Amino acid sequence: MQNTKKIGIIGQPCIDEIVSPTGEITSQALGGIFYSYAALERAAKESNTNVEFFPLTLSSIPDEELILPFYSVLNNFKNLSKLFRTDSLTNRVRLVYTDEIHRTEHCPNILPAMTSEELSWIDLASLDGIFINMISGFDISLDTLKWIREQTKAYIHLDVHALVLGGLSNNENSPRRIKGVENWREWVSHVDSIQMNELESDWFGSPDTISEKQLLTEIRKLSDNGGYPKTAIITRGERGATSFDFMHEKIWNKEPSKKQIINTTGSGDVFGALYTLTKTLGTSEQEALWHAEAWAGWNAELRSLEEILIAPLSKEIIS
């Protein structure tokens with residue numbers, strides 16, 4: 001019988017308020033890390049993979065009426081009753097789209113960062129994989145990441161996400177501004193793989209680096225000297241994704257299949273989740289990239305988070 005793989009997911013839950021290019025508030029719904037949860041649940045169900053997922057996050061008591069029904073359908077998610085409950089509101093993220101792809105982001109309030117004490121309810125050494133998705137950019141601290149790395153040999157994948165965004169803002173005329181990440185080399189050198197989009201790759205190492213090429217050159221040096229990270233991934237939206245596989249000295253490019261893009265919200269969250277899952281299961285870098293990009297592209301064809309759990313899968317995923 002196949003051994004059960006255990007994967008922890010770090011990233012604070014949030015509620016998205018979607019604003020269309022015309023200024024209309026089209027929805028208020030679960031977002032961010034919940035896209036990762038839904039994709040992992042669906043992938044495990046469809047592949048009949050023997051895997052368990054552990055949300056390593058806080059649970060907002062004021063928002064439980066909205067969130068708990070979603071948790072109830074996640075059959076492969078374990079120990080939900082052990083989540084630390086807090087009186088703080090769940091993260092509110094306002095996503096204002098200027099077209100079907102591009103958007104600005106406002107985040108008036110966030111949950112506090114998870115601490116080592118709040119993560120200690122689970123034996124991190126028992127985990128095979130950990131997906132760290134910096135939903136707010138303040139989900140964990142660098143010190144906590146270092147502590148996690150000390151506790152486990154699990155495969156750790158980090159999605160930079162909002163780590164490159166500045167302070168909070170609830171003013172549409174003053175969105176969170178992109179910026180370089182302080183101590184970025186330390187963030188990179190404590191994970192097996194790191195994920196960012198093209199804009200983030202230009203800014204992540206600023207002012208030390210100011211382009212994707214410069215950043216990757218510096219990350220490669222870290223990998224050569226210390227063994228981490230093994231891989232850097234750049235997601236490129238409608239142009240697919242690229243994996244820089246330092247361990248095998250390979251560059252993998254995944255071009256997406258033609259599709260009708262409906263809503264790109266959550267696609268990065270889906271990508272990171274499926275990449276972590278496939279790497280934890282021991283698949284090759286090329287296969288992990290192909291798998292993650294296909295699921296992220298399929299998500300862009302859907303209209304809502306809930307559809308991830310029930311919508312017909314794309315031919316690219318099934319094949």
Side-chain angles (χ1 to χ4, degrees), residues 7-11 56 113-116 119-120 124-125 127-166 178-235 241-252 268 271-273 275-280 282 284-285 288-289 292:
I7 299 177
I9 307 101
I10 295 174
L56 306 178
M114 293 289 289
T115 65
S116 56
L119 292 169
S120 294
L124 292 175
L127 298 178
D128 301 288
I130 299 175
F131 175 36
I132 302 175
N133 191 353
M134 298 299 285
I135 296 294
S136 70
F138 304 97
D139 304 78
I140 60 170
S141 68
L142 177 57
D143 285 342
T144 300
L145 173 61
K146 292 178 180 179
W147 175 82
I148 292 170
R149 180 79 281 178
E150 292 173 353
Q151 304 302 311
T152 183
K153 295 182 179 179
Y155 186 96
I156 301 178
H157 178 63
L158 170 66
D159 182 357
V160 168
H161 208 148
L163 193 61
V164 299
L165 293 181
I178 196 164
K179 63 177 180 60
V181 177
E182 187 176 359
N183 300 322
W184 67 269
R185 287 180 173 84
E186 293 186 77
W187 283 94
V188 166
S189 59
H190 286 84
V191 299
D192 293 270
S193 53
I194 187 166
Q195 169 188 335
M196 61 194 84
N197 62 32
E198 290 176 303
L199 179 62
E200 292 159 356
S201 70
D202 286 340
W203 281 90
F204 183 67
S206 178
D208 301 335
T209 70
I210 57 173
S211 69
E212 176 183 308
K213 182 178 180 180
Q214 287 182 339
L215 176 66
L216 290 168
T217 297
E218 292 302 309
I219 293 178
R220 173 62 186 269
K221 291 177 182 178
L222 294 172
S223 181
D224 289 343
N225 292 333
Y228 293 102
K230 300 178 177 69
T231 308
I233 299 168
I234 310 296
T235 58
T242 306
S243 171
F244 297 86
D245 183 352
F246 304 126
M247 298 299 293
H248 300 97
E249 297 186 346
K250 296 281 188 179
I251 298 176
W252 305 102
F271 184 104
Y275 180 85
T276 304
L277 173 60
T278 50
K279 290 296 289 187
T280 301
S284 68
E285 182 61 30
L289 180 70

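In this text the structure is predicted, and so the values were computed from the model without any measurement.
Atom CD1 of I140 sits about 10.0 Å away from atom CH2 of W147, to the nearest 0.5 Å. To the nearest 0.5 Å, atom OG of residue S201 and atom CD1 of residue I233 are 13.0 Å apart. In this structure, the separation between CH2 on W187 and CG on L145 is 6.0 Å, given to the nearest 0.5 Å. Atom CG of L124 and atom CD1 of I130 lie 5.5 Å apart (nearest 0.5 Å). A distance of 6.5 Å separates OG1 in T235 from CZ in F271, rounded to the nearest 0.5 Å. In this structure, CG on L127 lies 10.0 Å from CD1 on I148, to the nearest 0.5 angstrom.
Among all heavy-atom pairs drawn from K179 and L163, the shortest one is NZ-O, 3.9 Å. Nearest heavy atom pair, residue L289 against residue W252, reads CD2-O, 3.5 Å. Between I135 and A162 the shortest heavy-atom distance is O-CB, 3.3 Å. Closest heavy-atom contact between N197 and L199: OD1-N, 3.2 Å. Smallest separation of non-hydrogen atoms from A154 and G129: CB-N, 3.7 Å. Contact record, V188 with P229: CG1-CD, 3.1 Å, taken as the closest heavy-atom pair.
When the side-chain hydrogen bond (donor to acceptor under 3.5 Å, both in side chains) test is applied to K221, the partners found at least two apart in sequence or on another chain are E218. Under the side-chain hydrogen bond (donor to acceptor under 3.5 Å, both in side chains) criterion, T144 pairs with S141, sequence neighbours left out. By the side-chain hydrogen bond (donor to acceptor under 3.5 Å, both in side chains) test, S243 pairs with E285, sequence neighbours left out. For S116, there are no side-chain hydrogen bond (donor to acceptor under 3.5 Å, both in side chains) partners at least two apart in sequence or on another chain. Listed by chain and residue number, R220 satisfy the salt bridge (Lys or Arg N to Asp or Glu O under 4.0 Å) test with E249 (two or more places apart in sequence, or in another chain).
Judged by distance alone, the side chain of D202 and the main-chain N or O of E212 form a donor-acceptor pair under 3.5 Å. In this structure, the side chain of D224 does not engage the main chain of L222 through any donor-acceptor pair within 3.5 Å. The main-chain N or O of K213 is found under 3.5 Å from a side-chain atom of T217 such that the two form a donor-acceptor pair.
For the pair I9/N133, no side-chain contact is recorded, criterion being any heavy-atom separation below 4.5 Å from C-beta on. Counting heavy atoms from C-beta outward, M134 and L158 have side chains that approach closer than 4.5 Å.
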Please lay out, stage by stage, how E198 and I234 fare under the test side-chain contact (heavy atoms from CB on, under 4.5 Å).
CA-CA 6 Å; E198 290 176 303; I234 310 296; 3.8 Å; yes
Check the pair D208, W184 against side-chain contact (heavy atoms from CB on, under 4.5 Å), reporting the backbone distance first and the verdict last.
CA-CA 10 Å; D208 301 335; W184 67 269; 3.1 Å; yes
Let me check something: any side-chain donor-acceptor pairs from residues 189-196 under 3.5 Å, sequence neighbours excluded? List them with distances.
| residue | atom | partner | partner atom | Å |
| --- | --- | --- | --- | --- |
| S189 | OG | R185 | O | 2.9 |
| S189 | OG | E186 | O | 3.3 |
| H190 | ND1 | E186 | O | 2.7 |
| D192 | OD1 | K230 | NZ | 2.6 |
| D192 | OD2 | R149 | NH1 | 3.0 |
| D192 | OD2 | I156 | N | 2.8 |
| S193 | OG | Y155 | OH | 2.8 |
| S193 | OG | H157 | ND1 | 2.7 |
| Q195 | OE1 | H157 | NE2 | 2.8 |
| Q195 | NE2 | D159 | OD2 | 3.4 |
| Q195 | NE2 | G268 | O | 3.2 |

